Amino acid sequence: MRYCIVGAGFSGAVIGRALAEAGHQVLVIDERKTVAGNCHSARDPETGVMTHVFGPHIFHTDDERVWAYVRRFGDWAPYRHRVKAIAGGRAYSLPVNLLTINQFFGKIMGPDEARAFIRDKAQVIDAPANFEEQALSMIGPELYRAFFRGYTRKQWGVEPTQLPASILKRLPLRFNYDDSYFAHPYQAMPRNGYTEIVANILDTPGLELRLAAKFEDLDEKFAHVIYSGPIDRYFDHQFGRLGYRTLDFETFRGKGDFQGAAVLNYCDEDIPFTRITEHKHLAPWEARDIDGTICFREFSRSCGPADIPYYPIRRTDEEAMLGKYVARARAAHGVSFVGRLGSYRYLDMDVTIAEALAAADAMLDRIRDGAPLPAFFNDP
Ligand SMILES: Cc1cc2nc3c(=O)[nH]c(=O)nc-3n(C[C@H](O)[C@H](O)[C@H](O)COP(=O)(O)OP(=O)(O)OC[C@H]3O[C@@H](n4cnc5c(N)ncnc54)[C@H](O)[C@@H]3O)c2cc1C
């Protein structure tokens with residue numbers, strides 16, 4: 001019997017290839033007409049711009065194995081991601097760095113002076129319990145209100161006091177002029193888009209790819225199912241729907257250069273969208289040769305049953321619901337849950353690939369030993 005991999009995103013493609021390369025017969029199915037899941041990119045037929053169809057995706061990693069792996073499947077161009085923020089009608093540098101602090105407060109401070117200045121602004125809160133307290137204790141009320149409060153409410157649809165402090169711990173605060181959005185040593189874009197990379201991963205003997213096909217409609221018996229779809233969907237939402245945010249993209253096109261940067265965040269709450277992505281700037285090596293431009297205005301809202309799930313929310317009640325699905329999954333046989341939807345976690349691409357490579361290693365060891373495959377290789 002062959003193995004069934006549900007989902008042709010990075011998780012499914014990496015695991016599917018590893019099983020096929022080890023000599024197993026594999027079926028990879030996806031209900032979409034395209035591979036690469038949410039990383040799918042395609043040239044816009046009107047402008048010729050390589051477009052990140054489900055929102056901007058920037059590859060960054062410090063994992064040598066992952067970096068070597070992705071370069072086997074396509075050509076990558078160096079890319080440094082820089083984001084600007086519009087707040088209170090002015091443009092600023094992000095993440096909050098020395099330029100942002102000096103611009104915002106109309107000063108010319110050096111690193112030590114700025115550090116002391118922000119320390120004075122920051123509120124003393126022992127053990128911040130939520131996102132707002134964490135922000136106030138890191139950067140003080142002015143920068144918090146300008147750059148984080150409105151944006152966070154638009155992005156998550158809840159009060160920042162209802163979000164965990166851990167979300168902000170991940171955002172850097174820099175007392176130098178480094179405005180690189182990510183700090184990883186390897187930062188790059190696939191020259192011909194992510195979809196080509198994933199299609200190449202999937203292109204191997206022993207692996208059948210079937211698109212526009214739902215797992216629920218299959219009637220074939222498999223040696224094992226590796227499921228990278230939503231865990232609550234696999235169990236027919238028996239315990240309810242896990243909460244996600246979804247995104248709506250309002251597309252507009254033009255000539256030349258619309259905003260001079262790949263991503264501008266709009267922090268003010270009276271502007272209903274969170275950011276604008278101008279896709280040609282995500283491929284700077286070819287941008288100057290392309291006349292047209294295509295941009296996405298991005299709106300965030302609660303995810304309904306017919307929407308694409310983007311960001312897991314993980315409120316406390318959702319954690320409890322997830323616990324029931326995890327227990328149900330551990331009691332089930334013949335299925336393992338992987339990837340961002342299978343484990344209800346936000347995962348960057350490099351983490352997704354690293355986890356998929358490690359899961360495939362563990363699967364192959366167990367298959368060789370005749371041992372059953374676990375429900376999870378990474379705990380949700
Ligand atoms: C807006 C946004 C921006 C992001 N930006 C970045 C970034 O800049 N850098 C970065 O590293 N990461 C980024 N990410 C994260 C990145 O998208 C994920 O790491 C990656 O997509 C995870 O891959 P996956 O294979 O686990 O899931 P997916 O890519 O979601 O693949 C799952 C696939 O399973 C299919 N599927 C589900 N259920 C079924 C079913 N029952 N039957 C058939 N098919 C099914 C779906 O159609 C989908 O194609 C971003 C994510 C979002 C939402």
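Ligands are counted one by one from 1 in listed order, and the atoms in each one are counted from 1 as well. Positions are given from 1, in the same order as the sequence printed here. The model shown is predicted, which means the values in this text are computed figures rather than measured ones.
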Number the atoms of ligand 1 from 1 as they appear, then name those within less than 4.0 Å of a heavy atom of [X], with their elements.
{"X": "L247", "result": "1 (C)"}
{"X": "L341", "result": "30 (O)"}
{"X": "A213", "result": "43 (C)"}
{"X": "P56", "result": "3 (C), 4 (C), 5 (N), 8 (O)"}
{"X": "L347", "result": "15 (C), 16 (C), 18 (C), 19 (O)"}
{"X": "P230", "result": "37 (C), 38 (N)"}
{"X": "Y227", "result": "41 (N)"}
{"X": "G339", "result": "26 (O)"}

Please check whether [X] reaches ligand 1 - meaning an N/O of the residue sits under 3.5 Å from an N/O of the ligand, judged on distance alone.
{"X": "R340", "answer": "yes"}
{"X": "F10", "answer": "yes"}
{"X": "M349", "answer": "yes"}
{"X": "D348", "answer": "yes"}

Residues S336 and H224: side-chain donor-acceptor under 3.5 angstrom:
yes
Report yes or no: does a heavy atom of Y234 sit under 4.0 Å from some atom of ligand 1?
no
Heavy atom of G342 under 4.0 Å from ligand 1?
no
Where the closest heavy atom to [atom] is concerned, which of [options] has it?
{"atom": "atom 41 (N) of ligand 1", "options": "R233, R32, K214", "answer": "R233"}
{"atom": "atom 6 (C) of ligand 1", "options": "H57, E31, R245", "answer": "H57"}
{"atom": "atom 9 (N) of ligand 1", "options": "I58, I5, V6", "answer": "I58"}

For [atom], grab the closest protein heavy atom and report residue, atom and distance to one decimal in Å.
{"atom": "atom 38 (N) of ligand 1", "value": "G229 CA, 3.5 Å"}
{"atom": "atom 23 (O) of ligand 1", "value": "T352 CG2, 3.7 Å"}
{"atom": "atom 13 (C) of ligand 1", "value": "Y346 OH, 3.2 Å"}
{"atom": "atom 48 (C) of ligand 1", "value": "D30 OD2, 3.4 Å"}
{"atom": "atom 2 (C) of ligand 1", "value": "Y311 OH, 3.4 Å"}
{"atom": "atom 34 (O) of ligand 1", "value": "G7 CA, 3.2 Å"}
{"atom": "atom 24 (P) of ligand 1", "value": "S11 OG, 3.4 Å"}
{"atom": "atom 20 (C) of ligand 1", "value": "C39 SG, 3.9 Å"}

I need the minimum non-hydrogen distance between R330 and D379, along with the two atoms involved.
NH2-OD1, 3.3 Å
Tell me if the aromatic rings of [X] and [Y] count as close, with their centers under 6.0 Å from one another.
{"X": "F59", "Y": "Y194", "result": "no"}
{"X": "H279", "Y": "F296", "result": "yes"}
{"X": "Y79", "Y": "H81", "result": "yes"}
{"X": "F215", "Y": "Y227", "result": "yes"}

Quick check with a 6.0 Å cut-off and a 45 degree axis cone: is [X] positioned over the face of [Y]'s six-membered ring?
{"X": "R297", "Y": "F273", "answer": "yes"}
{"X": "R32", "Y": "F54", "answer": "yes"}
{"X": "R191", "Y": "W76", "answer": "no"}

NZ/NE/NH1/NH2 to OD/OE distance under 4.0 Å, D44 and R253
yes
Carboxylate-amine/guanidinium proximity below 4.0 Å for R17 and D203
no
Please work out whether any backbone atom (N, CA, C, O) or any side-chain heavy atom from C-beta onward of V338 is under 4.0 Å from ligand 1, and answer side chain, backbone, both or neither.
neither
Specify side chain, backbone, both or neither for F249, according to which of its non-hydrogen atoms lie closer than 4.0 Å to ligand 1.
neither
Working note: E278 + T293, criterion side chain to side chain donor-acceptor pair (under 3.5 Å); need CA distance, chi angles, decisive distance, verdict.
CA-CA 7 Å; E278 185 168 15; T293 192; 2.5 Å; yes
May I ask whether Y310 and L347 are part of the same hydrophobic cluster, defined by side-chain heavy atoms of I, L, V, M, F, W, Y residues being less than 4.5 angstrom apart, directly or through others?
no
Which value, rounded to the nearest 0.5 Å, describes the distance between I276 atom CD1 and E250 atom CD?
9.0 Å
To the nearest 0.5 angstrom, please state how far the OH atom of Y151 sits from the OH atom of Y266.
11.5 Å
Worked verdict on R149 versus E142 for salt bridge (charged side-chain N to carboxylate O under 4.0 Å, His left out)
CA-CA 10 Å; R149 191 174 63 180; E142 294 99 329; over 6 Å; no
